[in-house]
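Report on the following structure.
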Amino acid sequence: MSTSPEYATFHFHALHHADQPLLLPNAWDVISAVALAGAGYAAVGTTSLGVAAAHGYPDGRGLAEVRDATVALALRLNGRLACPYTIDVEGGFGGDAGQVGDLAAELAAAGAAGLNLEDGLPGGEGLQDPVRQAAAITAVKERAPGLFLNARIDTHWLADGPPPLSVVLERAETYLTAGADGIFVPGVTADEDVSVLVAEIPAPVNILFAAGRHTVGRLADLGVRRISTGSLLFRTALQATLTAADAIRTGERPAGTTGAGGEVLGYEEVQRLVGEQ
């Protein structure tokens with residue numbers, strides 16, 4: 001596949017309208033993105049939690065340091081992947097509409113094919129006013145019209161009592177009118193709710209994969225066009241690290257480190273993936 005920015009953005013848009021939903025694994029650094037792309041995934045996203053935590057910062061606070069780390073990762077991925085990549089930018093890292101537009105332009109220049117922009121306020125302090133969020137979305141499309149803008153609606157994310165789906169649909173309409181290309185509603189898991197979103201939103205609907213609740217096949221049957229893993233892969237990798245370290249400490253054999261199963265990548269394979277610089 002060509003890695004030109006123009007082709008990558010065109011291809012990334014097209015993946016949201018293919019016969020099967022786009023399964024989007026989310027990376028947190030260069031090697032995780034390279035490994036996922038090398039495994040044959042059609043596109044790769046980033047996880048804001050993974051990027052923030054890997055640099056020693058909390059997620060979702062709109063921190064300038066996390067913004068810098070996010071842009072730096074986008075730049076390091078430029079030309080490294082044989083597939084498009086999209087960047088999670090939280091809510092724009094606390095910037096106003098103009099600053100969010102500037103960020104989008106930076107990411108487009110770095111070779112990104114899309115971005116994920118959430119309407120949850122930093123620190124979990126509620127939701128952004130939809131009019132203000134729409135202004136940020138419009139600014140993104142003015143500065144970087146080719147990017148696939150996935151508008152995340154946080155009404156159901158980590159909420160004990162989410163509002164009716166009509167609230168989601170109202171926000172979705174506002175964001176699509178402002179220029180969003182797709183709608184992402186994390187925290188929606190029930191089949192009937194997913195079906196309503198797919199039926200009522202005239203754009204690709206993105207669902208966050210919930211382990212033990214979702215299957216790719218079922219979400220495809222419901223009409224979902226994009227399935228994100230979010231921070232699941234990062235958290236799984238972190239837990240696997242702790243499990244292996246504990247096994248070594250207690251004298252056990254870490255899972256997957258011996259035998260013919262190939263569960264753990266060898267040194268040479270990692271060197272091959274990242275490439276000698």
- Query: Any ion pair linking Arg152 and Asp154 (charged N to carboxylate O, less than 4.0 Å)?
  - Reply: yes
- Query: Is there a side-chain contact between Phe234 and Thr236, using heavy atoms and a 4.5 Å cut-off?
  - Reply: no
- Query: Looking only at heavy atoms, what is the nearest atom pair of Ala109 and Asn78, with distance?
  - Reply: O-ND2, 4.0 Å
- Task: For residues Gly146 and His13, report the shortest heavy-atom separation together with the two atoms involved.
- Result: O-NE2, 3.0 Å
- Can any side-chain N or O of Asn116 pair as donor or acceptor with the backbone N or O of Asp88 at less than 3.5 Å? no
- Query: Can you find a pair of side-chain heavy atoms, one from Arg226 and one from Pro21, that are under 4.5 Å apart?
  - Reply: no
- Item | Partner of Phe148 by ring-ring contact (aromatic ring centres under 6.0 Å, His included), out of Phe10, Phe184, Tyr85, Phe12 | Phe12
- Query: Is there a donor-acceptor pair under 3.5 Å between the side chain of Thr138 and the backbone N or O of Ala178?
  - Reply: yes
- Message: Applying side-chain hydrogen bond (donor to acceptor under 3.5 Å, both in side chains) as the test, list every pair that has at least one member in residues 96-107; sequence neighbours left out.
- Response: Arg67-Glu106, Asp102-Arg143
- How would you list all residue pairs meeting salt bridge (Lys or Arg N to Asp or Glu O under 4.0 Å) that involve residues 164-186, not counting sequence neighbours? Asp119-Arg171, Lys141-Asp181
- Query: Quick one: are Leu233 and Asn26 in side-chain contact, heavy atoms under 4.5 Å?
  - Reply: no
- Query: Would you say Ile183 and Asn206 make side-chain contact, with heavy atoms under 4.5 Å?
  - Reply: no
- Task: If a pair satisfies side-chain hydrogen bond (donor to acceptor under 3.5 Å, both in side chains) and one of its residues is in residues 183-198, list it, with sequence neighbours excluded.
- Result: Asp191-Arg218
- Query: Are any of the side-chain heavy atoms of Val216 and Gln20 separated by less than 4.5 Å?
  - Reply: no
